[in-house]
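Residue numbers begin at 1 in each chain, while the letters A, B, ... track the order of the sequences.
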Amino acid sequence: HDMEKKRDVLPYEIDGTVFKVNATAQRNVLGIRSRSPRWAIAGKFKAQQVTSVVVDIIPSVGRTGAITPVAKLDPVNVGGVVVTNATLHNQDEINRKDIRIGDHVLIQRAGDVIPEIVKVIVSKRPKSTSRYQLPIECPSCEHEVFRPEGEAVARCQNLSCPAQMKGRIEHFASKAAMDMDGFGGKLVDQLVEENLIRTVDDLFKLTFNDLIELDRIAEKSAQNILSATQDAKQTTFARFIYALGIRNVGFHLSKVLQQEFSS
DNA sequence: TTGTCGGGTCCAACTGTATT
DNA sequence: AATACAGTTGGACCCGACAA
């Protein structure tokens with residue numbers, strides 16, 4: 001609260017204050033969690049809130065088949081950035097907040113970063129709206145969507161679903177996994193669309209001639225991509241396990257597994 | 001030569017689930 | 001009840017490479 005009073009007087013922008021344990025000896029005792037130290041915590045100021053309109057709700061399919069609804073918003077400036085999307089997480093969350101297409105909504109950037117729909121402004125709800133329901137078919141492959149009893153996340157169960165194949169390949173090549181430079185969304189899209197890749201092992205069968213045919217890929221890019229696949233062969237057990245993308249086997253568990261197997 | 005595109009990286013939240 | 005982790009999400013900015 002003290003800092004919040006000083007906020008306007010400071011010669012620089014702040015979004016809060018970090019409180020830290022001062023003594024390094026105590027820091028060492030406290031240690032760190034997987035993503036942050038236990039000896040420091042951020043206190044953030046209240047986020048700025050603005051209103052916008054939900055133009056549409058688009059379900060997306062992740063690498064595990066999870067169907068995640070995303071709200072498309074009328075672009076609005078929130079604290080210096082233009083927000084156009086906000087995740088709605090799952091059906092339960094949509095039901096809780098009763099978010100409908102066409103609704104006016106209150107938006108903030110949680111932690112001053114991630115766009116979030118705080119609530120619907122019900123008084124501004126247009127007539128003839130209806131509650132939103134996630135589709136019963138996968139938006140990528142039209143396969144049936146399955147939501148297990150008692151679980152929040154609905155999933156596409158088709159392993160050949162293009163959206164899932166793309167997701168698995170991007171994950172496999174990502175920095176924390178096999179660390180193959182150059183495999184971004186657009187490239188992987190093309191590779192799957194052109195049937196050059198279906199599973200991750202196909203990455204290692206790519207040839208210069210395959211790549212040079214693709215949009216925005218010339219000699220230099222093709223070479224870089226090929227050497228990225230070669231470099232990736234020198235890796236660790238943990239990275240490889242993580243790269244396989246087994247459900248509930250994340251970055252940390254993979255490291256633990258490596259230690260277990262090596263001892 | 002230059003504008004544009006895409007990849008990489010950083011910032012960091014929330015929900016769900018399992019474990020302690 | 002608290003805590004940790006997995007998995008998913010959004011935007012800005014920088015830079016290398018492509019294409020006109």
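- Salt bridge annotation for Glu144(A)-Arg155(A): absent, with no cationic side-chain nitrogen under 4.0 angstrom from a carboxylate oxygen.
- Heavy atoms from other residues, nucleotides or ligands lying under 6.0 Å from CG of Asn22(A) number 12 at most.
- Within 6.0 Å of CZ on Arg198(A) lie no more than 12 heavy atoms contributed by other residues, nucleotides or ligands.
- The CG-P distance, from Leu211(A) to dA17(C), rounds to 15 Å in whole Å.
- Sorted by first and then second residue, the ring-ring contact (aromatic ring centres under 6.0 Å, His included) pairs involving residues 147-181 of chain A (not counting sequence neighbours) are His171(A)-Tyr242(A).
- Counting any heavy atom pair closer than 4.0 Å across all strands shown, Val70(A) reaches sugar-phosphate atoms only and no base atom.
- Across the protein-nucleic acid pair, Ile58(A) atom CD1 and dG10(C) atom P stand 11 Å apart, rounded to whole Å.
- Listed in residue order, the members of residues 161-183 of chain A having a heavy atom less than 4.0 Å from DNA chain B are Lys175(A), Asp181(A), Gly182(A), Phe183(A).
- Listed nucleotides dG11(C), dT8(C), dG16(B) differ in distance to Asn85(A); the shortest reach to its side chain belongs to dG11(C).
- dG11(C) atom C1' lies 14 Å from atom CD1 of Ile107(A), rounded to whole Å.
- Residues of residues 186-197 of chain A having a heavy atom closer than 4.0 Å to DNA chain B, listed by number: Lys186(A), Leu187(A).
- Proximity of a side-chain donor or acceptor of Gln157(A) to a complementary backbone N or O of Phe146(A) within less than 3.5 Å is not detected.
- A salt bridge is defined here as a Lys NZ or Arg NE, NH1 or NH2 lying under 4.0 Å from an Asp or Glu carboxylate O, and Glu170(A) with Lys166(A) fails to meet this definition.
- Spacing between atom CD1 of Ile225(A) and atom P of dG16(C) amounts to 17 Å, rounded to whole angstrom units.
- Salt-bridge check for Asp201(A) with Lys205(A): passed, with a basic side-chain N closer than 4.0 Å to an acidic carboxylate O.
- Listed nucleotides dA12(C), dT15(B), dT9(C) differ in distance to Val82(A); the shortest reach to its side chain belongs to dA12(C).
- To the nearest angstrom, P of dG16(B) lies 11 Å from CG of Asn95(A).
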* Stepwise side-chain contact (heavy atoms from CB on, under 4.5 Å) test for Leu88(A) and Ile94(A) -> CA-CA 6 Å; Leu88(A) 301 176; Ile94(A) 293 176; 3.9 Å; yes
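- Taking atom CZ of residue Arg63(A) and atom C1' of nucleotide dT8(C), one finds them 10 Å apart after rounding to whole Å.
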* To do: Starting from the C-alpha separation in whole Å, work towards a yes-or-no answer on side chain to side chain donor-acceptor pair (under 3.5 Å) for Ser221(A) and Asn224(A).
  => CA-CA 5 Å; Ser221(A) 295; Asn224(A) 289 347; 5.5 Å; no
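- The phosphate of dA17(C) has OP1 or OP2 within less than 4.0 Å of a side-chain N or O from Asn224(A).
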* Chi angles and distances behind the side-chain contact (heavy atoms from CB on, under 4.5 Å) call for Tyr132(A), Ile99(A) -> CA-CA 7 Å; Tyr132(A) 180 82; Ile99(A) 296 162; over 6 Å; no
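- Atoms CZ (Phe251(A)) and P (dT8(C)) sit 17 Å apart, rounded to a whole Å.
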* Test His104(A) against Thr51(A) for side-chain contact (heavy atoms from CB on, under 4.5 Å), laying out the working first. => CA-CA 7 Å; His104(A) 289 249; Thr51(A) 63; 5.7 Å; no
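- One can place CG of Leu244(A) at 15 Å from P of dA6(C), the figure rounded to the nearest angstrom.
- Residue Arg109(A) places none of its side-chain N or O atoms closer than 4.0 Å to OP1 or OP2 of dG11(C).
- For His89(A), counting side-chain heavy atoms from C-beta on, the closest listed nucleotide (dT15(B), dA12(B), dG16(B)) is dT15(B).
- Within the 4.0 angstrom heavy-atom criterion, only backbone atoms of the sugar-phosphate kind lie near Ile246(A); the bases stay farther away.
- Here dG16(B) is the nucleotide among dA12(B), dG16(B), dA17(C) with the atom lying nearest to any side-chain atom of Arg96(A).
- Looking at Asp103(A), its side chain does come within 3.5 Å of a backbone N or O of Arg100(A) through a donor-acceptor pair.
- Contacts of residues 132-142 of chain A with DNA chain B (heavy atom under 4.0 Å): none.
- The phosphate of dT9(C) has OP1 or OP2 within less than 4.0 Å of a side-chain N or O from Ser60(A).
- No side-chain donor-acceptor contact under 3.5 Å links Glu213(A) and Asn209(A).
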With 3.5 Å as the limit, what N/O pairs link the protein to nucleotides 18-20 of chain C?
residue, atom, partner, partner atom, Å
dC18(C), OP1, Ala218(A), N, 3.3
dC18(C), OP1, Ala218(A), O, 3.4
dC18(C), OP1, Ser221(A), N, 2.7
dC18(C), OP1, Ser221(A), OG, 2.6
dC18(C), O2, Arg216(A), NH2, 3.4
dA19(C), OP1, Arg216(A), N, 3.2

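- With sequence neighbours left out, Phe237(A) forms a ring pair (Phe, Tyr, Trp, His ring centres under 6.0 Å) with Phe261(A).
- Listed pair Thr64(A) / dT8(C) meets the phosphate criterion, a side-chain N or O lying under 4.0 Å from OP1 or OP2.
- When the side-chain nitrogen and oxygen atoms of Thr84(A) are compared with OP1 and OP2 of dG11(C), one or more of them lie within a distance under 4.0 Å.
- The residues Asp98(A) and Lys119(A) are annotated as not salt-bridged, no charged nitrogen and carboxylate oxygen being separated by less than 4.0 angstrom.
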